[in-house]
Structure formats: structure tokens, C-alpha cells
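Everything on this sheet refers to the single structure shown next.
Each ligand, and each atom within it, is numbered from 1 in the order the structure gives.
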Amino acid sequence: MKTLLTTTAIILGAVSAQAQTVGFSQIGSESGWRAAETTLTRQQAEERGIDLRFSDAQQRQENQIAAIRSFVAQGVDAILLAPVVATGWDSVLEEAAEAEIPVVLLDRRVDSSDDLYLTAVGSDLVHEGEVAGQWLADEVGDEECRIVELEGTTGSSPAIDRATGFRNAIEGHDNLEIVRSQTGDFTRTGGKEVMESFLQAESGNEICALYAHNDDMALGAIQAINEAGMNPGEDILIVSIDAVPDIFQAIANGDANATVELTPNMAGPAFDALEAYWESGTEPEKFIQTDSALYTQDDDPMAEYEARKDLGY
Ligand code: GYE
């Protein structure tokens, strides 16, 4: 009897662990933040005995749709999706729903009906833009300030919402004006190239501040500003979003001024929600929100750098 129970327990344990297979359709590795998200998702899956099937979409929606279809065909137990853009997901999400495979969205949103996914884990993207805009408004006071903006990937929810949030915050501050805005695709190279074109186009005119939708673009822009013989963080104020380690080094050097934190650990809350759902059918909230703290030169940037530098950025 005793041996039978032990064997059953082992089999059951093994089956349930083996059964938890999760497909992860990741956008790519356009930024240090996304690389850290991938690292932490792999770590979280390993710690929980989840078999993670990873797919890198190289920034292309069609690759993500193909990956989701392949996960459905494999009969995985859940799908994690970081959607590169906000639109065009209805049909593939319907296919996963028909196969009764729960989908959890990570860090970005879709415009599909929320009954097509189990939950979405992410920050309040509009609020992030508002925090950045409020910091700049407080920093420059009544001074005239001509702002250039490095936008994220066109059509992505962070690019749309962070632009909206920033404009909400500077509304009513007539001394603050966005004079140029263009996508740098969330990459350092994109940030550098577009900032170079802003500096050329605005030569002779003063650029007071740069608002970048993520730190990687800001770090590329800092290079461009330095190469143009100007002082980033002084001649041009710089505020961005993510809180990657390198931006804290730049803040410590005076090359950048402020960043809004976005935790790369989206998988923790996502797997918690999935485990409760698998175990007891508990339906999570439709949106699991992560915090968005502001960091400036007053927040011991080198200590923040040290705390983050080994997190897989
Ligand atoms: O801010 C950026 C990445 O989707 C919110 O994507 C995320 C953004 C993040 O490229 O670094």
C-alpha cells in the first residue's frame, strides 16, 4: 500500500510538472530592458519547473502570430505574449481561446476584447509618460523649453500611451513645446540616428530637452549629443523610461537627468496568475499593474546601477 501511494504521488507530481508547458512569444531584444525580461522569464520558469518554449519574433508581428499558432498546435498549457503592436491579434487570440489555452499579455497591450486573454501584466503606460512630463515641467519652471521626442515602435501600446501621458502632463504649460517627434524603434542605434537628424534640423535653434520613450534610445541620443560637441544632461535635459543600469551610470555622470522605472519581472506575476488558474480555476484581474517609480540624480544613481547590473540587461 505504502509503496503504491508513494509511486502514485511521484507519478502525479511528475505529470503535473511535465504538463506545465508554456509558449513565450517574445518581440525580440531591441533594448536592454527586453533582454532582462527574457532572462527573468526563463529564470522564473526554471524555478517553477515550467517547460518554457521560447520564440524570438525579431520585431515582426507575423512571426508572433506564427509562433502562437505553433504553440496551439503543440497543445501547450498557456501562452505568454509580448505584443509588438496593439492591433491585429483578434483571430489568433480566438484560435487560442477555442483551444482553451490561456494567453497572458506581458508589458504591452492589445486592442482586442479582454475576454480573448486571461490577463495582462504591465505598467500604466500613460502614467509613465505623465511622470516624465511632470518631472520636466517641475524642472524647467516658467522657462521656455523646446522639446524633442524619441518615440517607441510605431503602433505599439507604449509608444501610443507614453506620448499621450507626456502631453497630458505638459498641457497648460505654454512654455513647454514639443517641436519634433519621431520613432527610434526603442533601440540605441535608432535613438542615435534620429537625435543626429534632430540636431541637424534644429541647428541654430535651441533644443532644451529630450523625452525618450525608453532609456536605450536616450543612451543613443546621448552619444549623438556628445559627438555634436554639446553636454547631454546640461545643454539638453534628458528624461526617459525603463531604469536600465546604463542610464543610472549616465545620470551619475550628469549625462542624463531622470528615468521612470519599469520592472523587467513581468513573468513572476504572470506565472502566479497561471498557477492559481491551473490549480483552482481562479480567474485573475484582467490587468495586473506594476509600479512606476521616478529616479533622478538625487536617488544615488550608482547604487541603483549596482543593484541592477547583473539582472540580465
Ligand atoms: O519600455 C522598451 C521595450 O514594451 C514597455 O519595450 C515595453 C517597452 C520598454 O522595447 O525598452
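Here D114 does not pair with R109 in a salt bridge; the nearest charged N to carboxylate O distance is not below 4.0 Å. For E196 and K192, the salt-bridge test passes: some basic side-chain N is under 4.0 Å from an acidic carboxylate O.
Y295 carries R308 over the face of its six-membered ring, with the cationic atom under 6.0 Å from the centre and within 45° of the normal. Both cation-pi conditions hold for R42 and F54: the charged atom is under 6.0 angstrom from the six-membered ring centre and inside a 45 degree cone around its axis.
For ligand 1, the atoms closer than 4.0 angstrom to any heavy atom of R34 are 3 (C), 4 (O), 6 (O), 7 (C), 8 (C). Near R108, with a cut-off below 4.0 Å to any heavy atom, the atoms of ligand 1 are 3 (C), 4 (O), 6 (O), 7 (C), 8 (C), 10 (O). Annotation for ligand 1: atoms under 4.0 Å from non-hydrogen atoms of L262 are 1 (O), 5 (C).
When every heavy atom of F71 is checked against every heavy atom of R53, the shortest pair comes out as CZ-O, 3.5 Å.
Ligand 1 has no N or O atom lying under 3.5 Å from any N or O atom of H213, backbone or side chain.
Protein heavy atom closest to atom 5 (C) of ligand 1, with residue, atom name and distance, is R162 NH2, 3.4 Å. Counting only heavy atoms of the protein, atom 3 (C) of ligand 1 lies nearest to E30 OE2, 3.2 Å.
If you look at D216 next to ligand 1, there are no close heavy atoms at all, none under 4.0 Å.
Among D107, D242, D161, T153, the residue whose heavy atom sits closest to atom 9 (C) of ligand 1 is D242.
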- Task: Start with the C-alpha gap between D272 and R48, add the side-chain angles, then the distance that decides, and say whether salt bridge (charged side-chain N to carboxylate O under 4.0 Å, His left out) holds.
- Result: CA-CA 10 Å; D272 288 348; R48 296 162 190 253; 2.8 Å; yes
